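Just so you know, these numbers come straight off a predicted model, no measurement behind them. To find a chain, count down the sequence lines: A is the first, B the second, and so on, and within it residues start at 1.
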Amino acid sequence: MDYNPQELEADWRERWADDGRYEADPTTTTGPDDSETTFITVPYPYPSGGMHIGHARTYTVPDVYARYRRQQGDDVLFPMAWHVTGTPIIGAVERLEKREPKQLSVLQDTYNVSDAVLKDLETPMGYARHFIEEHYKSGMQSLGLSIDWRREFTTNDERYSKFITWQYETLRERGRLEKGLHPVKYCTEQENPVTTHDLLEGEDVEYQEYTLIKFTQAGSDSADSDSGDTVIPMATLRPETVRGVTNAYVDPEATYVEASVDGETWIISVEAAEKLELQDHAVDRDAAFSGENLVGERVTNPVTGDEILILPAAFVDSDSATGVVMSVPAHSPDDYLALQEAKTDRERLREFGIDPDEVDAIEPIAILDVEGYGEIPAKDAVESAGITDSTDPDLKAVTQSLYNAEFHTGRLHDEYGEYAGEVIEDVREELAAAYREEGAFGAMYDFPEPVISRAGGKVVVAYQDTWFLTYNDEDWKQAAKRVVETMDTTPENTRGEYTHTIDWLNEWPCIRNYGLGTRLPWDDDFVIEPLSDSTIYMAYYTIAHRLGDVPVDDLDRDFFDALFYGSEAVDGEADERALDLRAEWQYWYPVSQRFSANDLISNHLTFYLFHHAELFDEAEWPEGITIMGMGLLEGEKMSSSKGHVVLPGKAIADYGADTVRFFLLNSAEPWQDYDWRDEQVAGVEKQLRRFWNRSAELIEAGERSEDGGDGTAAESDPTPEALEHIDRWLLSKLQTTIETVTDALENAETRTASQAAFYGFEEHLKWYRRRTELDRPAAQWTLRHILETRLRLLAPFTPFLTNELHEQLTGTPAEDAPWPAVDAERISRRTETEERQIERLTDDIQDILSVTEQDPETIRIYVAADWKREVFETVRDTGTDVGQVMGEVMQNPALRERGNEVNQLVQDLVELVRGVDDDTLDAMAKIDERSTYETAAAFLEREFDATVECYAEDDANIDDPADRARKAVPFRPAIHIE
RNA sequence: GCGAGGGUGGCUGAGCCAGGCCAAAAGCGGCGGGCUUAAGACCCGCUUCCGUAGGGAUCCCUGGGUUCGAAUCCCAGCCCUCGCACCA
């Protein structure tokens, strides 16, 4: 019976499919009773590419839990579906249609898509379908995941859309949706919003909200405007530096325009005018002119009232924010250097008609104090870094550390009034908002770096009408927090992350201009985005397999209201079909455990809590979330674009699904990161093969003895007398193993559980094999009993081989056998403690032999005398205070005579007792050391190939040639070897 | 910066929450031995240093502290990893 995982696993997969083994239906009609049902979910995969081994664990961990709960007797529902909402799949298809080399390489090299099927991938759903069928679903089935496949769906299905439609109509009605303007990335070429995938350049660049400081040009001479002074807005990310502005810069070569912006007259770059227009400002462009015209002009600081000069500078980018830059030389190393450079180039200033002496007189104005820098921080920073000109490559880092220091520790000077002495970090926003309020400041969005779309157009920030989920509603936040309070979070320390996210979450734009998915019910120009159409779909699983019977058009508001809220929630007669499905929903809901990834806490998982809090009663709220860590491959991040992935199909072909599963579950706890290393996986395969071989041998031996009719009733319990000490020891260990594994699985600790059931117990067996004759009928019975139990304990992890072996051993697959229960009768602390003594004795003898390098003939063991045992009892009663014990012991005249000897013994015993727990101490008190060692004598003789003699220290006929016996201490026998 | 996690023997990685059976699990690697015609598989032992008697010394990022006792608790420091959004 050789171990052939591929063959064996194929058989079981077929059997499961034929039997519909994991199709879960309500087994009672008594309504919801959560103690009997376990509903397990995991985020549905996004099939924009194939599945790799990193994904495999995400789905295997919940499978283990599902299998475990099933053996515990629960009705377990573990469903799966496919998330296709949004643009990633569409983007992937577009890149394929363009035959982009990178995309082709991912498809053909990483995911082995043949040329013949490549054309099937040219529609979004064709593309998705390929990866669903050929990768995800087949991968999950190969792994042996116990999924109810009848419930499968995609988020682009029309019935699913009806469900999402119901969800969003309900949310809108409940006031959780609001319409508003929101900045988006916008391609000026296509005149359309774009997503990250549409970008050619600047994919990682985030837009910034700049503060515009509205400097004014007094007595404007170009003024045919009647709206007061002309505004020259200067953009900054550090609005608090407004009091440190000494001058401004424009690019003399660039084109600027005078324009009416929301009724005011502004001078800005021509690019800025376009951007402001897209950001919902009423912009009416007037005269365009060269930047040169602005040079030498004076503008007034709206906060201080000071007049400053506009200087020419080539470094000004007219396509960045307003195209006019304010200079804060005291706090910006760039500005500081630029000012120095401007001062030296007197000739150039004259060319622009500026008096060089006036520029020379400009001095930095410090507006804050920051630790670690001098009075003029920027000056200090560049000088101590030895930077003298603006092209120095170190400048960036110097600037960054100064900005950081100022932001987190800089305190504003007295001129700032109510903000004086405050740290920038705490007041920046408040200060900017206050000035904005009084009209001194404005705002605009822009990118700090160029962003280009794949269409080749410049990407800017535009305002767009959008719908938000109002996660900032205080009452909604409170409700979400109540969900967190009532739910189990695994590991427990993630609980704070949910509440933190809830606090921090703002309104969330939940629609996009295009993509797969559900249209916004009241405006089909928009589609509901992926993170927003995946918040309560777990409820959909409970009915998905039966919804096909209901015509799509019948799935209206009332239908789902009746389904989720009951017949009283609808006017008139509730739909019978909906009420029927309602029973199914109530049977399974709520979700018992959702397994998910760490990084989804900050969006998906918290949304999941918000939506459940809003839409469902407390009884239907999530009961638990378990967070999972990341997978590495040979120490590095997996990446399908680099081909640095292992596909489950390949791994299973190489090692078998049981090995793949066992590795994934055993190498780390679910929430920890794990590392797929080929060498390690091969090691697991070896271990499983060994386990199989040993088990098969044991099973075959059992069959032989039954056939042979030698009188051994292999399956009935042996009489208590037939079991030897060592058998009872192993059976006792089995009980603690059952306990450990069960406790661990309750907390989804797959590593602890599998470690204990497999490797941990192998260690005990190793000792057992060494200690005893395995041919004894009692030993055979013990081994078979233990095998049966271990197969059940391991069934969630390696279902294929355990089912097979368990069926051969007992006639039933392991998964159909109940989860092992601890047999309290078989737990013996005393037996374990006795065996521990034998192990120690063996180790001690071994130690002596390795130091003395002798070949032993006789080993003599001397157990401590009765009076020493008395002292031990005294320590046990009195406690571990040496003085107190001595006081007690010295009451006894016989012991008092022994003086120093007793003193030393007490010290030793106090040490010994301190090192053990109370249970062990109680067990020790019951042990008869001498008989314990005597039962092990035969073993020790075999082990060391020597005669073993056992004496008590105070035996009358003791043989003690080397005068060792007196060294004996309770639980530490003296030894003599010769 | 904010939030989270972590630094353990050649490597991977337990232990730390509930201090003492911890020179510190297990796997991998290495060394020696057994079995074998041989290789593989399997089995046993060793794998910080010293030691011809079960012992001793040093050790869990660094430095302090609490304690009879610290890998484990407390304080300070150094270093590393991950997430920080409108993207799935």
* Side-chain ion pair, A:R942 and A:D945, N-O less than 4.0 Å -> no
* **Separation of B:C87 C1' from A:I528 CD1 (nearest whole Å)** => 18 Å
* Asked: Looking for any heavy atom pair under 4.0 Å, which part of the strands does A:E497 touch: base, sugar-phosphate only, or nothing?
  -> sugar-phosphate
* Asked: Please give, in whole Å, the distance from B:A25 P to A:E749 CD?
  -> 21 Å
* Structure fact -> Each nucleotide of nucleotides 53-59 of chain B classed B (base within 4.0 Å of a protein heavy atom), S (only sugar-phosphate) or -, in 5' to 3' order, makes BBS----
* Structure fact -> When rounded to whole Å, the CZ to C1' distance for the pair A:F663 and B:A26 reads 14 Å
* Once you apply the 3.5 Å cut-off to both distances, tell me the Watson-Crick or G-U wobble partner of B:C35, or none. => none
* Between B:G13 (P) and A:Q755 (CD): distance, integer Å -> 13 Å
* From A:R836 CZ over to A:W729 CH2, what is the distance, rounded to the nearest 0.5 angstrom? -> 10.5 Å
* Asked: For B:G19, which nucleotide is its Watson-Crick or G-U wobble mate, given both distances must be under 3.5 Å?
  -> none
* Asked: Quick one: A:L605 CG to B:C84 P, roughly how many Å, whole number?
  -> 14 Å
* To do: Name the residue closer to the 5' end of RNA chain B, choosing between A:E669 and A:E529 according to the nucleotide with the nearest heavy atom.
  => A:E669
* In whole angstrom, give the distance that lies between atom CZ of A:F691 and atom C1' of B:G27. => 17 Å
* Asked: Thinking salt bridges, do A:R689 and A:E685 make one under a 4.0 Å N-O criterion?
  -> yes
* **Within 45° cone and under 6.0 Å: A:R661 NZ/CZ vs A:F797 ring** => no
* Output yes when A:E762 and A:R694 qualify as a salt bridge under the 4.0 Å nitrogen-oxygen rule, no when they do not. => yes
* Decide yes or no for A:K185 and A:F447: does some side-chain heavy atom of the first lie under 4.5 Å from some side-chain heavy atom of the second? => yes
* Cation-pi geometry met for A:R512 and A:F526 (6.0 Å, 45°) -> no
* Asked: A:Q208 has an atom CD; how far is it from atom C1' of B:C86, in whole Å?
  -> 16 Å
* Structure fact -> On RNA chain B, more 5' by nearest nucleotide between A:P530 and A:H500 is A:H500
* Asked: NA contact type, A:R495, heavy-atom cut-off 4.0 Å: base, sugar-phosphate, or nothing?
  -> nothing
